[in-house]
Amino acid sequence: MDVIFLEKCRFYGYHGVLPEETVIGQIFEVTCRLEVDLTAASQSDDLLQTVNYAEVFNLLKTYCETKRYQLLEALAGDIIQAILEAFPTVSSVWLRVGKQNPPIAGHYDQVGIEMSRRRHG
C-alpha cells in the first residue's frame with residue numbers, strides 16, 4: 001500500500017489535564033501517515049485521484065487549535081475518525097501527537113502517543 005504523510009506539523013492548542021495546559025497552552029506536533037492506493041493518481045497526475053494534503057493539514061489544524069481535550073488519546077482518536085470519514089480512499093491512518101514542553105519535571109525531547117486505525121468493512 002502507498003503512503004501519504006504529513007511530518008511534524010505544529011499547532012498551538014490547549015489540551016491536557018493540568019490547569020496550566022488549559023490556560024497557557026502549548027505547541028503540539030502531529031505526524032500522520034495515510035495508507036491509500038495511489039495508482040490512479042500516479043497515472044493521471046490528477047489531484048482528484050489522491051488525498052489533498054492541504055485538506056488533511058487543515059483538518060489537523062482544526063482539531064488541534066479549535067477543540068480542547070484532556071487526553072491526547074481522545075484528540076488523536078477524533079482526528080483519525082475525521083480523516084477516515086472525510087477521505088474514503090484512505091484505508092488506514094497512523095497518527096503521532098506529541099508535546100514538547102508539558103509541565104512535567106524532567107528532561108525529554110517530547111512526550112505523546114501513537115495511534116493507528118484501519119477502515120472496517
Side-chain angles (χ1 to χ4, degrees):
M1 187 60 63
D2 305 313
V3 175
I4 290 174
F5 67 91
L6 286 82
E7 190 83 28
K8 296 183 179 181
C9 305
R10 290 178 187 83
F11 307 102
Y12 201 88
Y14 297 87
H15 315 293
V17 295
L18 301 175
E20 53 269 44
E21 293 180 294
T22 62
V23 174
I24 299 169
Q26 61 192 297
I27 294 173
F28 292 83
E29 188 174 271
V30 180
T31 294
C32 70
R33 289 179 171 73
L34 314 176
E35 283 192 3
V36 59
D37 184 350
L38 297 174
T39 304
S42 69
Q43 295 170 351
S44 68
D45 196 26
D46 182 354
L47 179 60
L48 297 176
Q49 299 294 317
T50 188
V51 174
N52 185 323
Y53 315 153
E55 291 177 9
V56 176
F57 182 87
N58 288 332
L59 186 149
L60 298 175
K61 182 176 179 163
T62 296
Y63 277 84
C64 289
E65 293 187 350
T66 65
K67 298 179 182 285
R68 291 183 181 224
Y69 295 87
Q70 289 187 18
L71 300 178
L72 293 182
E73 293 85 344
L75 169 63
D78 280 0
I79 289 172
I80 289 173
Q81 186 62 38
I83 289 171
L84 291 172
E85 288 174 6
F87 306 101
T89 58
V90 172
S91 62
S92 72
V93 179
W94 174 89
L95 192 74
R96 178 184 178 108
V97 181
K99 300 178 181 184
Q100 296 175 341
N101 295 304
I104 301 171
H107 302 283
Y108 46 83
D109 287 335
Q110 192 175 92
V111 300
I113 59 106
E114 293 180 0
M115 187 181 288
S116 63
R117 297 291 181 265
R118 183 165 295 286
R119 184 179 300 285
H120 298 288

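Being a predicted model, the structure only gives us computed values, none of them experimental.
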Hits for side-chain hydrogen bond (donor to acceptor under 3.5 Å, both in side chains) against Gln43, two or more places apart or cross-chain, chain-then-number order -> none
Would you compute the distance between atom OG1 of Thr89 and atom CZ of Arg119 and round it to the nearest 0.5 angstrom? 8.0 Å
Tell me, please, which residues at least two apart from Leu47 pass side chain to side chain contact (heavy atoms under 4.5 Å, CB included). Thr50, Asn52
Among residues at least two apart in sequence or on other chains, which ones pass side chain to side chain contact (heavy atoms under 4.5 Å, CB included) with Thr62? Thr66
Are there over 12 heavy-atom neighbours, none belonging to Glu65, within less than 6.0 Å of that residue's CD? yes
So how far is it from Ile79 CD1 to Leu72 CG, rounded to the nearest 0.5 Å? 9.5 Å
Report the distance from atom CG of Asp78 to atom CD1 of Ile83, rounding to the nearest 0.5 Å. 11.0 Å
Those residues that, when tested against Tyr14, pass side-chain hydrogen bond (donor to acceptor under 3.5 Å, both in side chains) (two or more places apart): none
With sequence neighbours left out, what residues match Gln100 under side-chain hydrogen bond (donor to acceptor under 3.5 Å, both in side chains)? Glu29
Which residues satisfy the salt bridge (Lys or Arg N to Asp or Glu O under 4.0 Å) test with Arg33, sequence neighbours excluded? Glu7
Those residues that, when tested against Asp37, pass side-chain hydrogen bond (donor to acceptor under 3.5 Å, both in side chains) (two or more places apart): Thr39
Hey, is CG on Asp45 packed in by over 12 heavy atoms from elsewhere, all under 6.0 Å? no
For atom OH of Tyr53, decide whether the heavy atoms of other residues, nucleotides or ligands shown that lie under 6.0 angstrom number more than 12. no
Exactly one of Thr31, Val97, Val30 should register a side-chain contact (heavy atoms from CB on, under 4.5 Å) with Leu60. Which one does? Val30
Between Ile113 and Ala76, the two heavy atoms sitting closest are CD1-CB, 3.5 Å
From Ser92 atom OG to His120 atom NE2, the distance as rounded to the nearest 0.5 Å: 10.5 Å
Contacts of Glu114 meeting side chain to side chain contact (heavy atoms under 4.5 Å, CB included) (sequence neighbours excluded), chain-then-number -> Trp94, Arg96
Mind checking ring-ring contact (aromatic ring centres under 6.0 Å, His included) for Phe5 and listing every partner two or more places apart, or none if nothing turns up? none
What pairs with Ala82 under side chain to side chain contact (heavy atoms under 4.5 Å, CB included), at least two apart in sequence or on another chain? Leu59, Tyr63
Please report the shortest heavy-atom distance between His15 and Cys64, naming the atom on each side. NE2-O, 2.8 Å
Tell me whether Leu34 is reachable from Val3 by hopping between hydrophobic residues (I, L, V, M, F, W, Y) whose side-chain heavy atoms are closer than 4.5 Å. no
Quick one: side chains of residues 18-28, donor-acceptor pairs under 3.5 Å with protein atoms, not counting sequence neighbours, listed by atom name and distance.
{"unit_1": "Glu21", "atom_1": "OE1", "unit_2": "Val17", "atom_2": "N", "d": "3.2"}
{"unit_1": "Glu21", "atom_1": "OE1", "unit_2": "Leu18", "atom_2": "N", "d": "3.1"}
{"unit_1": "Glu21", "atom_1": "OE2", "unit_2": "Gln26", "atom_2": "NE2", "d": "3.1"}
{"unit_1": "Glu21", "atom_1": "OE2", "unit_2": "Lys99", "atom_2": "NZ", "d": "2.5"}
{"unit_1": "Thr22", "atom_1": "OG1", "unit_2": "Pro19", "atom_2": "O", "d": "2.9"}

Find the distance between CD (Gln110) and CG (Asn101) and round it off to the nearest 0.5 Å. 9.5 Å
Please enumerate all residues that pass ring-ring contact (aromatic ring centres under 6.0 Å, His included) together with Phe87, with sequence neighbours excluded. none
OG/Ser116 to CD1/Ile80 distance, rounded to the nearest 0.5 angstrom? 7.0 Å
